[in-house]
Amino acid sequence: HIQIPSHRKSDLSKITINGNDCLYRITKHYVNGVYVYWRYYLLFDDETGKVFLASFYDTNNSTNYVNELLESVKFE
């Protein structure tokens, strides 16, 4: 039996990572009895015109990995 996921949309938010603008959205989905959080990030670099796109999902137990990864991005 497959359960169709339900979700709750969050608003788009903005943070700064290493001096660069980062837009993100987190959505919460209920899938097979478990809440799953899907995280979308757009990290912009004005100097190079490049954008880093990241998408993650987790059960919201620990989100330290997100900051670690975003802070490790180097635009060249």
Side-chain angles (χ1 to χ4, degrees):
H1 176 261
I2 296 176
Q3 188 176 13
I4 297 173
S6 63
H7 70 279
R8 187 184 74 192
K9 181 177 160 184
S10 69
D11 293 330
L12 196 60
S13 299
K14 182 179 174 182
I15 55 175
T16 300
I17 304 286
N18 296 331
N20 297 307
D21 291 336
C22 183
L23 298 177
Y24 70 95
R25 174 171 283 157
I26 301 170
T27 57
K28 181 178 175 182
H29 305 266
Y30 190 72
V31 182
N32 296 329
V34 177
Y35 283 105
V36 176
Y37 295 80
W38 208 287
R39 304 168 191 284
Y40 308 92
Y41 293 84
L42 288 170
L43 180 60
F44 298 90
D45 182 57
D46 289 335
E47 279 187 35
T48 64
K50 294 179 179 179
V51 177
F52 175 78
L53 167 67
S55 174
F56 314 101
Y57 67 90
D58 56 57
T59 56
N60 209 36
N61 289 334
S62 174
T63 58
N64 292 339
Y65 73 94
V66 174
N67 290 338
E68 250 181 73
L69 180 84
L70 293 174
E71 289 173 359
S72 74
V73 173
K74 305 290 184 229
F75 292 100
E76 297 180 8

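Just so it is clear, the values below take in all heavy atoms, side chains as well, and ignore hydrogens, waters and symmetry mates.
- From Leu70, atom CG reaches atom CG of Asn20 across 10.5 Å, with rounding to the nearest 0.5 Å.
- No donor-acceptor pair under 3.5 Å is formed between the side chain of Lys14 and the backbone N or O of Cys22.
- Annotation: side chain of Val66 is in contact with side chain of Phe56 (closest heavy-atom distance under 4.5 Å).
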**Message:** With side-chain contact (heavy atoms from CB on, under 4.5 Å) as the criterion, how do Asn60 and Arg39 come out once you've worked through the C-alpha distance, each side chain's angles and the decisive distance to 0.1 Å?
**Reply:** CA-CA 10 Å; Asn60 209 36; Arg39 304 168 191 284; 2.7 Å; yes

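- Annotation: the span from Asn67 atom CG to Ile17 atom CD1 amounts to 6.0 Å, rounded to 0.5 Å.
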**Request:** Report the C-alpha separation of Asp58 and Thr63 in whole Å, then their side-chain angles, then the decisive distance to 0.1 Å, and conclude whether the side-chain contact (heavy atoms from CB on, under 4.5 Å) test is met.
**Result:** CA-CA 8 Å; Asp58 56 57; Thr63 58; 4.2 Å; yes

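- Considering all non-hydrogen atoms of both residues, Leu69 and Ser72 come closest at O-OG, 2.7 Å.
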Tell me which donor-acceptor pairs under 3.5 Å the side chains of residues 40-47 have, and how far apart each pair is, sequence neighbours excluded?
from, atom 1, to, atom 2, distance (Å)
Asp45, OD2, Thr48, N, 3.0
Asp45, OD2, Thr48, OG1, 2.6

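- Cation-pi geometry between Lys28 and Tyr37 is not satisfied (NZ or CZ under 6.0 Å from the ring centre, within 45° of the ring normal).
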**Asked** Could you walk me through whether Ile26 and Trp38 pass the side-chain contact (heavy atoms from CB on, under 4.5 Å) check?
**Response** CA-CA 6 Å; Ile26 301 170; Trp38 208 287; over 6 Å; no

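- Between Phe52 and Phe75, the gap from one ring centroid to the other reaches at least 6.0 Å.
- Between Val34 and Thr59, some side-chain heavy-atom pair lies under the 4.5 Å cut-off.
- For the pair Asn18 and Glu71, the tightest heavy-atom approach, listed with the atom from each and the gap, is ND2-O, 2.9 Å.
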